[in-house]
Amino acid sequence: MKNYITTPIYYVNGEAHIGHAYTTFIADTLARYSRMVGMETYFLTGTDEHGQKIEESAQKQNKPTQQFADEISATFHNLWDEFNISYDQFIRTTDESHKKGVQAAFLKMFENGDIYKDFYEGNYCVSCETFFPESQLMDGGCCPDCGRPTTIVKEESYFFRLSKYERPLLEYYEAHPEFILPKSRRNEVISFVRGGLNDLSVTRTSFSWGVHLPESLNEPRHVMYVWLDALMNYVTALGYGSDESKMNFWPANVQLVGKDILRFHAIYWPAFLMSLGLPLPKHIAAHGWWTRDGEKMSKSKGNVVDPREVSNAYGVENFRYFMMREVPFGQDGDFSQRALIDRMNSDLSNDLGNLLNRIIGMSEKYSDFNVDSSHVAQYHVKELSDVAEILKTAETYLFELQPHRYLEELWRVFTIGNKAIEEHAPWTKVKEGRLDEALATVALVANLLAKASIMLHPVMPQTTAKIADALGFEISTESYTALIKNGDLLKAFTIKKIPPLFPRVEEPLMAEAPKAMIEEAPKAEAKAKMEDKKVSTVSEDGLITIDQFFQTSIKIGTVLDAEEVPKSSKLLKLKVDLGEESPRQIVAGIREYYSAESLINTQVCVVANLKPAKLMGLLSEGMILAAKDSEGLCLVRPEKPRLSGSSVG
RNA sequence: GGCUGGGUAGCUCAGCUGGUUAGAGCGCUGGUCUCAUAAGCCGGAGGUCGGGGGUUCGAGUCCCCCCCCCGCCA
């Protein structure tokens, strides 16, 4: 079975940002999965290099246009290599074979009457490379998309009979509900097409940086419209119009796009294909945008996330995992270091990494790293069948293009592993001399990790290869077939002791977004969130200013009353006089060291401006200062009695 | 203004064709084991399911009205 997966080709007007990385990560994951299950897979990405905008950008930098395109294209190419993206081809619209293919397509459309010559007059936005009808223009004739001034252009142009495909397209959408994903986007496209389609101007005479028309048409002044040129890349990459040896990969299975370019891919592209007599792709899947800390990213705000920077700081695969796990496909996602760190610590370090460490430790102690699965089925039928079920479900989520659900589902395997260890407590079994049982549990968990690693491999290829190595097997189509499809277990194997794969991340590893951005974001909510999350305001040398210290209000308080909190062995509920109108209720975890009675009428130090918190359902309006070491805990108190409410500092 | 989609626990979301005490993850919190990365496991708090009306034996789930958010179009 053939499986062709594409990303959009990225416009070389600027360097790769987080959105490019996201699309490419998803496509790479799908491609890797496809290869792993043994499908014949072709994964295409590349760059879109034509158009007036590129021509102008190159001029601004005083570079030949081709050189400019080469340079930017290389930055994408290099980044994907750095990110270990497993593309089969990196196409460039300046490739000769691509140009040849586009010309062949143009000619075919022309010959079958779908392209005709006429005049176009309208308000043209150079920046967006789009004509806009009068009615859509903003005040002063500015572009409704970018707000820049438009110019009136009348030019000879070839047109594509898009209008002819209005009905066929609607019929196709109707007959193929899975064509446009997610569904909400599908509705948008349908209603747009229902609104009527105008024929599409597909050539320009106003600039020359593009694919020229086929020579047989003898139209040297005309250059192809950038979208016709660009969209065709998906088939010219397979050799359309030149060496067609790979055309058997067509139609594509999944064509990933950002939501901003959906219309081109869901309307123009299928119409072109219909005109060429080619089948339509199975899915056009539109994903959402990324914001940063709840704010739209923009160069002027200086809050753009550089994927390379994130990757360098946190690791590509952790980054990949985060992006795919964090946000439901199609929705906008928010990037913040806090969210990334939380995912890494909670999912990767705690659930997965720690589980691996647990069995490394046990296998070392109990059997000198030697494990075999022969007793697993005897003691762990339930776990094995539950996991088999989970893996099946997870797989369907991936096919449905719901990577977040797929990962969420997969993580249940680790919970089962952690629970199994807890329930079967191998350390107890060992003490009781039931070594077989203990080792069966270790082997079970090793197998669960092996199976989950295989499934996780498309998302984190290198990391899972390390896990597999530690467990003495290799991830491949063969092991996928054996462990996932056939439900086999690993044979006897030796575990390798490896250092933790996912060390916990205690604090942000990248500099925070520039101050300007934070100040521009007066959202009280966002601010409170940052404070809640203890984003450090401490300077690099670890010192704070006196002003910062005095943000904390510490006061002398007199304990008026104290009682034990029911059902808690640690908590005491205190009534403390801080010289205010009424005493405060403070819940303190000191019961193990102080009895309630002994505290009444003594003095303590209280942090008085702490945000109230609830402990065991009881409101606590402050914190009692205490010092703790191995000997125990003691309260910090004034040497001599002071007035209640006296400040400390 | 028109049309989608949506408003469910502090946060992010799941809840199919209406049916027992509305769920998950994270966060918070109490307890507990010791193989392990201050990890794991067990338990708890927390929701008038945007608001109002209606249909029904029964509605987060259907109908009507209103409010708010995103998106597309104008």
Side-chain angles (χ1 to χ4, degrees), chain A residues 132-133 135-137 144 182-196 259-260 262-263 266-267 286 288-289 291 294 325-328 330-334 336 338-339 341-367 397 402 404-405 407-409 411-412 414-431 438-439 441-442 445 495 497-506 525-526 528-529 532-534 565-571 587 589 591 611 613-620:
Chain A
F132 293 97
S135 62
Q136 280 193 32
L137 295 181
K183 275 220 179 96
S184 50
R185 297 283 161 202
R186 176 174 179 260
N187 295 336
E188 276 174 25
V189 171
I190 290 177
S191 69
F192 184 86
V193 175
R194 284 208 179 117
K259 62 182 183 183
D260 56 322
L262 177 63
R263 192 191 303 171
I267 300 174
W289 281 148
T291 54
R325 174 64 185 81
E326 187 72 4
V327 32
Q331 309 234 316
D332 286 352
D334 184 53
S336 70
R338 179 43 54 193
I341 292 170
D342 283 350
R343 281 271 167 234
M344 289 175 65
N345 286 345
S346 170
D347 297 357
L348 298 174
S349 305
N350 296 355
D351 295 342
L352 199 182
N354 185 49
L355 182 61
L356 178 62
N357 257 26
R358 295 179 85 175
I359 63 152
I360 290 176
M362 284 189 281
S363 66
E364 178 176 22
K365 286 187 181 149
Y366 307 150
S367 62
Y397 283 137
Q402 304 202 66
H404 72 295
R405 288 224 177 169
L407 289 169
E408 187 181 17
E409 189 68 17
W411 245 251
R412 295 179 55 206
F414 303 128
T415 301
I416 290 180
N418 275 315
K419 279 186 185 172
I421 294 178
E422 215 58 46
E423 276 169 32
H424 296 272
W427 48 92
T428 309
K429 300 276 164 66
V430 169
K431 279 179 202 153
L439 293 179
T441 303
V442 176
V445 175
I495 287 182
K497 192 169 186 167
I498 58 168
L501 288 175
F502 307 103
R504 289 179 63 83
V505 180
E506 301 299 346
E525 215 183 280
K529 204 169 182 180
D532 265 7
K533 297 287 189 182
K534 293 173 195 158
V565 175
K567 284 200 285 186
S568 164
S569 63
K570 287 184 180 168
L571 298 181
V587 180
R591 179 168 165 186
K611 201 171 149 193
K614 273 195 171 178
L615 302 174
M616 292 285 282
L618 296 169
L619 192 67
S620 183

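Since we're looking at a predicted model, the values are computed, not measured.
Nucleotides B:rC11 and B:rC49 have their P atoms positioned 16 Å apart, rounded to a whole Å. Nucleotides B:rG60 and B:rG15 have their C1' atoms positioned 8 Å apart, rounded to a whole Å. Taking atom P in both B:rU34 and B:rG23, one finds a spacing of 33 Å when rounded to whole Å.
Considering only side-chain N and O atoms, A:R504 lies under 4.0 angstrom from the phosphate OP1 or OP2 of B:rA39. For B:rC42, the OP1/OP2 oxygens have a side-chain nitrogen or oxygen of A:K419 closer than 4.0 Å.
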Quick one: which protein N/O atoms are closer than 3.5 Å to N/O atoms of nucleotides 1-6 of chain B? Pair and distance per line, please.
| from | atom 1 | to | atom 2 | distance (Å) |
| --- | --- | --- | --- | --- |
| B:rU4 | O2' | A:N187 | ND2 | 2.8 |

Shorter than 3.5 Å, N or O on both sides, protein versus nucleotides 14-17 of chain B: list them out with atom names.
| from | atom 1 | to | atom 2 | distance (Å) |
| --- | --- | --- | --- | --- |
| B:rA14 | O3' | A:R405 | NH2 | 2.8 |

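One can place CG of A:L407 at 16 Å from C1' of B:rC26, the figure rounded to the nearest angstrom. The interatomic distance linking A:E409 (CD) with B:rA24 (P) rounds to 15 Å, in whole Å. Protein atom CZ of A:F414 is 16 Å distant from nucleotide atom P of B:rG25, rounded to whole Å.
Looking at A:D332, its side chain does come within 3.5 Å of a backbone N or O of A:W289 through a donor-acceptor pair. At distances below 3.5 Å, at least one donor-acceptor pair connects side-chain atoms of A:S191 with backbone N or O atoms of A:E188.
The stacking criteria are not both satisfied for A:W427 over the base of B:rU34, which would need a centre-to-centre distance under 5.5 angstrom and an angle between ring planes under 30 degrees.
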